[in-house]
Amino acid sequence: MVFDNSPTQIDRSDQQRYVTVDVTVEGNDLSAVSQDILAFMDQYPFPDGYRYEEGGTYEQMIEAFEDLFLALLAAVLLVFIVMAAQFESLLMSIIVMLSVPFAVSGAFLLLFLTGNTLSLTSFTGLIILVGIVVNNAILLVEFIKFNKQTMERDEAIVLAGKFRLRPILMTTLTTCVGMIPLSLGRGDGGEILAPLAISVMGGLVGSTLVTLILIPVFYASIDDARLRREEKKAERQRRIAALEQRWKEEDEARGKQQI
C-alpha cells in the first residue's frame, strides 16, 4: 500500500477537469502583475491536453473596462449629438469635440506624474470629463459665432479670447480646487476615489489650454477651408455662366448667318 497526496475534490467545467490557482497581488497593480503572469504562461510548455484561462478579479476588471469603454463612446456620441443640435453645424460640433482628446491626454499625464495608473475610478473620471470639458469650448465658439455677424472673423476671435478668458479660468480653477480634497485620498476608501479626482483635474487643465489656444486656431482653419470651398464654387459657377453666355451668343450668331 502506498500513501500519497491527492485532491480532496475534482472540479469540472464543460466536462473537463480544472485546477484553480489563486494569486494575491501586493506592492503592484493588478494589471501589471496579470500581464507578467500571462506572458510567462504563454511561454510555458504545457503537456498535451493542458491549457490555462485567466479568471477571477482580472477577468472582472477586463469586463468592467470594456463596459466603461462603451460608456465613454456613448458619452462622446451623445455630447456630439447635443452639439450638432445646438450649433446646427457638424463642423462647429467637431471643433468643440476636439477638446476631448486633449483633455484625456491631460488626465493621463497627471495620472503618470502622481504615480497612478488607469483604473476603474480614473476611467470613470474620463467619462465625466467628456461632459465637462466641452463647456469652455462652447462658450468660446458661441461667442465667436455671435460676434462674427457684426465684425471680421479674426476680430471676433480676439474679442472672444479677451472676454471669455476670465470665466474659463475661473471655472477650471474652482473645479480643480474643489477636487483637491478628494485627490488627496484621505479617509476610508479615499485612495480608491483619488484617481477619479486626479483624472478630472488633469483633463480640465489640459482642455483649458486647448480651449484658449487651439480651439480658435481650429475654428479659423476650418472657416478658411469653408471660404475656399465657397470661392471655388462661386468661381465654377461664374465659368459655367460665362460658357453658357458664349454658347448663347454663338447660337445667335449662327441663327443670323442662316437668315
Who pairs with Thr172 by side-chain hydrogen bond (donor to acceptor under 3.5 Å, both in side chains), at least two apart in sequence or on another chain? Thr208
With sequence neighbours left out, which residue pairs that include part of residues 197-225 fulfil the salt bridge (Lys or Arg N to Asp or Glu O under 4.0 Å) condition? Lys148-Asp223, Arg153-Asp223, Arg153-Asp224, Asp223-Arg226
Pairs satisfying side-chain hydrogen bond (donor to acceptor under 3.5 Å, both in side chains), at least one member in residues 90-114, at least two apart: Thr114-Asn116
Could you tell me if the side chain of Arg236 sits less than 4.5 Å from the side chain of Ile240, heavy atoms only? yes
Give every residue pair that meets the ring-ring contact (aromatic ring centres under 6.0 Å, His included) criterion with at least one member in residues 128-179, sequence neighbours excluded. none
My understanding is that only residues two or more places apart in sequence, or in another chain, count here; which of them pass ring-ring contact (aromatic ring centres under 6.0 Å, His included) with Phe123? Phe65
Nearest heavy-atom contact between Ile127 and Ala71 is CD1-CB, 3.9 Å
Verify the neighbour count for atom CG of Leu90: are there more than 12 heavy atoms of other residues, nucleotides or ligands below 6.0 Å? no
Treating Ile, Leu, Val, Met, Phe, Trp and Tyr as nodes and any side-chain heavy-atom pair under 4.5 angstrom as an edge, say whether Met97 and Ile81 lie in one connected cluster. no
Do the side chain of Asn135 and the main chain of Ile132 share a donor and acceptor less than 3.5 angstrom apart? yes
For residues 194-223, pull every pair meeting ring-ring contact (aromatic ring centres under 6.0 Å, His included), keeping only residues two or more places apart or in separate chains. none
Is the count of non-hydrogen atoms from other residues, nucleotides or ligands lying under 6.0 Å from Glu152 atom CD greater than 12? no
Show the numbers, then the answer: is there a side-chain contact (heavy atoms from CB on, under 4.5 Å) between Ile138 and Met83? CA-CA 9 Å; Ile138 291 173; Met83 295 299 98; 3.3 Å; yes
